[in-house]
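All remarks here apply to the structure that follows.
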There are 2 protein chains.
Amino acid sequence: MAEKPRRRTQAERSAGTREALLSAAIETLHEHGYAATSTMLVAEKAGVSRGAMLHQFRTKADLMTFVVEAVFEEELERYAEHLRGMADPEQRLLAFSEMAWDVLSRPSGVAVLEILQGSRSDPHLCEKLAPVQTRIEEQALAFTHLAAPGDTRGAMAVMRLIVWAIRGLSIAQVLAPVPGSVKDSVKVLRRLIEAGLETGVLSVRSQEDI
Amino acid sequence: MAEKPRRRTQAERSAGTREALLSAAIETLHEHGYAATSTMLVAEKAGVSRGAMLHQFRTKADLMTFVVEAVFEEELERYAEHLRGMADPEQRLLAFSEMAWDVLSRPSGVAVLEILQGSRSDPHLCEKLAPVQTRIEEQALAFTHLAAPGDTRGAMAVMRLIVWAIRGLSIAQVLAPVPGSVKDSVKVLRRLIEAGLETGVLSVRSQEDI
DNA sequence: TATGTAACGGTCAATCCTGCTTGTAAATGT
DNA sequence: ACATTTACAAGCAGGATTGACCGTTACATA
């Protein structure tokens, strides 16, 4: 009758439960926020026993760290896809705010933000996340190529502004009763960047005297 | 020896403990985030017995709501002070980002953001906060006078962008290992607004076709 | 002064969450 | 084929948090 209920290989099983836990964690974080994201809830939503979860992620901090890392990998791919065939730095900068909105306003982006924010409440998680965080910021900066190699500080300021403006707006969106209207602000940001490029404030070559 | 240990009046005593709890809550939220802000911790830090706290704020949600409201009142005053004698709408808009940074990056501003974010984890708090939140946004909009009376939607988009960009950056600041560097981004925002005004993207008169 | 009311201090039960431990079955490696 | 490692299930203990319940004291007012 039924196919041999072939047990999957170990690696497959591991990957399966980790994937299920990842999705469930993202969903829970997106929906209920960090404070209400207990490991029990996540395991239950993932359809995984608490024992299994505990085997894969010994502590809650481990699970959260995994989520941050996994989502970041996925985000990088998404950025890369958006930027494919966009060589002009100015064009990249112009597209950046809407790109970032696409990437960061998704449930996974909100989930990561919840974790970052929530990490402040858990020293253990905090120190596990510290290296990941700096690595992310470095890679994000290198990846965007927003400025000439020389001006790290200016490029960092611009990148941070855009990223955190978008993150802020993504909070506004989940908090707002009518989520749609937030995107207007993203467009305003894009226009501001256009204006900045026109007037030379955002020269992609240098960003000296801030 | 000692002065008569005159017992304060009832109203004074109430106000005293509420004030102490307010400060302690802000401090705890700013320092450890929402998840780690237990009522016990707050009471302890305020030097108030749990019984007293429970008398003033029957539930945790009550305390949090009080914090949001009290801080907002204080923020309004701060804004008013900044804007005193600044009648020109363009000038107001120019000053807005740095004003907002002054007001929102303070511990109380971070605390409110923590509460808003944390409210998603607590339906009870969520519904208590909903009316407060819309009231705040309305008043903020009316208060800033960023656009001509006609164009509510455009003004809202601009106001939201600035406010949430600043809020996002204030998160970045508490998360960052070296907090100082975040302010660069605030200056970039100011420059972008200048540029937007120059090129007419941010006309204070109208903000039609977004 | 006497009575009602408000602030307060301390303790309690119920709940929830986390991480540990034990036990089982399957897959992997020799 | 056997030994070892890995994935999983389930129960358990410790700790923390919340909100409620007493009793006590001081203020307020008649």
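Chain letters run A, B, ... following the sequence lines, proteins first and then strands; every chain starts at 1. Fair warning: this is a prediction, and the values are worked out from it, not measured in the lab.
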| task | Ignoring backbone atoms, establish whether Thr39(A) has a side-chain N or O less than 4.0 Å from OP1 or OP2 of dT18(C). | result | yes
| query | Given atom CG of Leu21(A) and atom C1' of dA7(D), what is their separation to the nearest angstrom? | reply | 13 Å
| field | Glu114(B) bridged to Arg120(A) by N-O distance under 4.0 Å | value | yes
| said: Checking side-chain polar atoms at under 3.5 Å, does Ser23(A) have a donor or acceptor matched by the opposite partner on Glu19(A)? | reply: yes
| field | Nearest to side-chain heavy atoms of Lys60(A), which nucleotide of dG19(D), dT17(D), dG19(C) | value | dG19(C)
| task | Would you mind telling me which residue lines up with the more 5' stretch of DNA chain C, Arg58(A) or Ala36(A), judged by nearest nucleotide? | result | Ala36(A)
| remark: His124(A) atom NE2 is separated from dT18(C) atom P, nearest whole Å, by 14 Å
| task | Starting at atom CZ of Phe57(B), determine the distance to atom P of dA7(C), rounded to an integer number of angstrom. | result | 11 Å
| Rounded to the Å, how far apart are Arg18(B) CZ and dC8(C) C1'? | 15 Å
| task | May I ask you to check whether Ser105(A) and Gln173(A) show a side-chain donor-acceptor distance below 3.5 Å? | result | no
| query | Atom CE of Met53(B) and atom P of dA7(C): how far apart are they, to the nearest Å? | reply | 16 Å
Using atom names, set out every protein N or O paired with an N or O of nucleotides 4-6 of chain D below 3.5 Å, distance rounded to 0.1 Å.
residue: dT6(D); atom: O2; partner: Gln10(A); partner atom: NE2; Å: 3.4

| note | Comparing nearest nucleotides in DNA chain C, the 5'-proximal residue of the pair Leu54(A), Met40(A) is Met40(A)
| message | Working note: Leu104(A) + Ser170(A), criterion side-chain contact (heavy atoms from CB on, under 4.5 Å); need CA distance, chi angles, decisive distance, verdict. | response | CA-CA 7 Å; Leu104(A) 297 177; Ser170(A) 76; 5.7 Å; no
| query | Could one point to a donor on the side chain of Arg50(A) or the base of dG11(D) with an acceptor on the other under 3.5 Å away? | reply | no
| request: Please determine if a side-chain N or O atom of Ser38(A) lies less than 4.0 Å away from the OP1 or OP2 oxygen of dC17(C). | output: yes
| query | In whole angstroms, how far is the P atom of dT18(C) from the CG atom of Asp122(A)? | reply | 10 Å
| Thr17(B) side-chain N/O to dA7(C) phosphate OP1/OP2 under 4.0 Å | no
| request: Mind calculating the distance between CG (Leu41(A)) and P (dC17(C)) to the nearest angstrom? | output: 7 Å
| message | Looking at Lys187(B) and Glu98(B), is any side-chain nitrogen of the basic one under 4.0 Å from a carboxylate oxygen of the acidic one? | response | no
| query | Is the shortest side-chain N/O distance from Gln56(B) to OP1 or OP2 of dA6(C) below 4.0 Å? | reply | no
| task | Could you state the atom-to-atom distance from OH of Tyr34(B) to P of dT17(D) in whole Å? | result | 13 Å
| Lys/Arg cation over aromatic Trp164(B): Arg167(B), 6.0 Å, 45° cone | yes
| query | Does the pair Lys60(A)/Asp122(A) count as a salt bridge with the N-to-O cut at 4.0 Å? | reply | no
